[in-house]
Amino acid sequence: MHPFTLSLIFLSFTLLTLTDGGSIGVNYGRIANNLPSATKVVHLLKSQGLDRVKVYDTDPSVLRALSGSKIKVTVDLPNQQLFAAAKAPSFALSWVERNVVAYYPHTQIEAIAVGNEVFVDPNNSTKYLVPAMKNIYRALQKHNLHSDIKVSSPIALSALGSSYPASSGSFRPELIKPVFQPMLDFLRETGSYLMVNVYPFFAYESNADVISLDYALFRENPGQVDSGNGLRYLNLFDAQIDAVFAALSALKYDDINVVVSETGWPSKGDSNEVGASVENAAAYNGNLVRKILTGSGTPLRPKADLTVYLFALFNENQKPGPTSERNFGLFYPNEEKVYNVPLTVEALKNYHDNPSPVAPVSGNTNQPTPAVGASGSGGVSKSTTGNTWCVANPYADKNKLQDALDFACGEGGADCHSIQPNATCYDPNTLVAHASFAFNSYYQKQARAGGSCYFGGTSYVVTQEPKYGNCEFPTGY
């Protein structure tokens with residue numbers, strides 16, 4: 001019998017027996033001026049059977065509206081407050097008392113996300129992350145809430161130095177000792193989990209020539225066999241998650257669980273945002289929900305019951321960036337559905353993914369499929385256009401950085417005219433700024449190919465456009 005037929009039979013049996021699987025939540029972003037009141041939002045969540053929500057702040061009106069709803073809540077301490085939380089235990093204690101203790105337990109706060117995608121934060125707040133997490137946890141201890149409320153921090157896939165094939169997953173080398181090892185030790189000691197934001201859409205959109213749309217949307221496809229572990233991957237989401245599991249395993253943190261703190265697919269995009277459509281968004285989210293709620297783990301961890309937060313509840317009309325940024329919502333601000341997608345096991349009984357009769361652009365399934373992007377490390381988040389850039393590591397050895405800059409501008413063939421004296425990108429006249437421009441030029445000329453942003457460990461991929469003075473960094477040649 002064909003393996004896909006077997007999979008369908010197993011899936012049908014799972015649905016009929018209502019086997020418990022993972023959990024589905026939703027991100028409630030509010031960068032908009034036309035959203036319903038928080039009270040109406042809580043009614044909407046309950047009407048859809050959603051019992052988990054993640055917010056990006058601690059707005060009192062939202063936390064009060066959630067009181068008594070029995071909806072589990074993850075709140076966020078913004079990146080801008082990491083420095084204060086790290087440096088002043090008194091600030092962390094005051095923050096917890098104002099934003100957690102004041103509402104708990106009537107508002108069922110179950111986790112605190114300390115920062116969001118800190119490693120791609122242009123304000124370079126990485127070094128404050130773990131100290132801030134520890135101070136927030138100690139504040140919870142003082143109120144005896146540390147056993148009930150987890151402390152974690154969502155990372156973007158750009159925190160991986162390698163992600164394709166999934167078995168080669170590893171964290172960026174320069175982040176391991178200063179950040180990941182102490183953070184993972186903290187998660188282990190406190191019984192918490194690693195939050196990860198994954199967006200197969202951006203990988204597909206940037207690499208539609210090599211990634212099959214069916215592979216990105218959980219539809220039937222030949223799949224990809226991982227050359228490292230021999231496992232066959234039938235969707236891009238699994239490959240991305242297993243790259244994170246492999247990275248954890250490489251550092252011997254196999255006992256750390258993963259929560260997918262963000263994932264989604266836009267229903268609309270600009271002309272160059274390949275794959276952004278209502279049909280594809282419905283297919284991605286619907287098939288993902290089916291996978292999670294029916295207890296399907298990943299090839300590397302088949303028994304993993306993942307908790308996944310869809311991004312996002314609403315289309316947010318004030319988000320900057322390309323059109324897709326404002327069209328990730330499951331609902332319009334008037335609470336009408338953008339498309340039909342099941343969010344509970346009960347709703348799955350009548351769910352069918354209906355592929356569009358006109359097939360959108362899809363790739364060649366006979367070619368290797370990167371887990372995040374062509375670079376193998378350019379995992380991207382909702383806050384970007386899908387582009388990636390290569391920049392210098394400001395903490396790299398200055399001699400190594402200079403040698404790498406000399407290579408990029410010389411043998412590497414990078415376009416370094418713009419960083420010459422009196423040229424447009426000469427200022428700021430610093431080694432890090434000049435090296436970043438040269439590294440990115442080389443990276444883009446190499447079509448962001450795997451290994452083209454390494455330079456002896458002195459560089460890494462970022463998903464937000466670098467800012468050095470008035471210099472503009474190219475995204476392609």
Side-chain angles (χ1 to χ4, degrees), residues 23 25-30 38-39 41-42 45-46 50-118 125-155 179 181-196 253 255-259 261-262 307 309:
S23 177
V26 66
N27 285 277
Y28 173 23
R30 296 182 297 112
T39 301
V41 169
V42 172
L45 293 172
K46 295 181 73 173
L50 288 164
D51 61 1
R52 275 196 163 93
V53 67
K54 180 169 159 284
V55 295
Y56 292 90
D57 53 22
T58 51
D59 186 275
S61 65
V62 173
L63 295 182
R64 282 196 297 266
L66 286 162
S67 178
S69 67
K70 297 184 179 180
I71 296 174
K72 297 179 178 66
V73 186
T74 296
V75 298
D76 180 77
L77 183 146
N79 289 357
Q80 298 92 316
Q81 296 182 347
L82 285 177
F83 175 82
K87 293 297 184 180
S90 60
F91 174 89
L93 179 60
S94 175
W95 188 92
V96 165
E97 289 176 343
R98 288 194 321 272
N99 300 301
V100 178
V101 177
Y103 302 98
Y104 187 87
H106 299 293
T107 299
Q108 292 189 11
I109 299 172
E110 66 170 344
I112 300 171
V114 178
N116 185 55
E117 299 187 348
V118 173
S125 51
T126 297
K127 59 185 175 182
Y128 306 119
L129 176 59
V130 177
M133 293 172 72
K134 289 182 176 180
N135 281 341
I136 291 294
Y137 181 77
R138 292 186 186 111
L140 290 173
Q141 282 183 308
K142 290 189 176 182
H143 289 276
N144 200 30
L145 296 178
H146 57 289
S147 297
D148 301 321
I149 300 173
K150 304 301 182 186
V151 177
S152 187
S153 182
I155 66 168
V179 185
Q181 285 184 331
M183 182 172 75
L184 294 172
D185 282 338
F186 168 81
L187 297 178
R188 174 182 281 165
E189 291 164 5
T190 61
S192 189
Y193 42 76
L194 180 65
M195 296 178 173
V196 183
Y253 290 94
D255 55 320
I256 301 294
N257 291 325
V258 166
V259 164
S261 38
E262 288 183 20
T307 294
Y309 288 85

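Just so you know, these numbers use all the heavy atoms, side chains as well, and skip hydrogens, waters and symmetry mates. These numbers come from a predicted model, not from an experiment.
The CG atom of L194 sits 6.5 Å away from the CG atom of L187 when rounded to the nearest 0.5 Å. In this structure, OH in Y137 is found 7.5 Å from NZ in K150, a value given to the nearest 0.5 Å. In this structure, CG on L184 lies 9.5 Å from CG on D255, to the nearest 0.5 angstrom. Of the inter-residue distances, the one linking M183 atom CE with T126 atom OG1 reads 10.0 Å to the nearest 0.5 angstrom. Here the CZ-CG distance, from R138 to L140, works out to 12.0 Å after rounding to the nearest 0.5 Å.
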message: Assess the residue pair E110 and R52 against the criterion (salt bridge (charged side-chain N to carboxylate O under 4.0 Å, His left out)); give the C-alpha distance rounded to whole Å, side-chain angles, the decisive distance to 0.1 Å, and a yes or no.
response: CA-CA 9 Å; E110 66 170 344; R52 275 196 163 93; 2.8 Å; yes
task: Quick one: do K70 and D51 satisfy side-chain contact (heavy atoms from CB on, under 4.5 Å)? Show the steps, please.
output: CA-CA 7 Å; K70 297 184 179 180; D51 61 1; over 6 Å; no
message: I'd like to know whether N116 forms a side-chain contact (heavy atoms from CB on, under 4.5 Å) with S261, so could you lay out the CA-CA distance, the side-chain angles of the two residues, the decisive distance to 0.1 Å, and finally the verdict.
response: CA-CA 10 Å; N116 185 55; S261 38; 5.8 Å; no
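When all heavy atoms of Q81 and W95 are compared, the pair lying nearest together is OE1-NE1, 3.3 Å. Contact detail for L129 and S153: the closest heavy-atom pair is CD1-OG, 3.5 Å. The shortest non-hydrogen separation linking M195 to A111 is CE-CB, 4.2 Å. Listed here is the closest heavy atom pair of D185 and Y253: OD1-OH, 2.7 Å. Closest heavy-atom contact between V114 and A132: CG1-CB, 4.0 Å. Contact detail for Y28 and Y56: the closest heavy-atom pair is O-CD1, 4.1 Å.
Test I109, I71, T39 against L66 for side chain to side chain contact (heavy atoms under 4.5 Å, CB included) and you get one pass: I71.
Two residues are said to be in side-chain contact when any heavy atoms from C-beta on lie closer than 4.5 Å; V75 and N99 fail this criterion. Within the 4.5 Å cutoff, no side-chain heavy atoms of V100 are placed close to those of H143. Under the 4.5 Å side-chain criterion, counting only non-hydrogen atoms from C-beta, R98 is not in contact with T58. In this structure, F186 and V151 have side chains that are in contact, with non-hydrogen atoms separated by less than 4.5 Å. Residues R30 and V62 are in side-chain contact: their nearest non-hydrogen atoms beyond the backbone lie under 4.5 Å apart.
Remark: the backbone N or O of V118 is not paired with any side-chain donor or acceptor of N79 at under 3.5 angstrom. Within the 3.5 Å criterion, the main-chain N or O of V259 finds no donor-acceptor partner in the side chain of T307. At distances below 3.5 Å, not a single donor-acceptor pair connects side-chain atoms of N27 with backbone N or O atoms of G29. Remark: the backbone N or O of A86 is paired with a side-chain donor or acceptor of N135 at under 3.5 angstrom.
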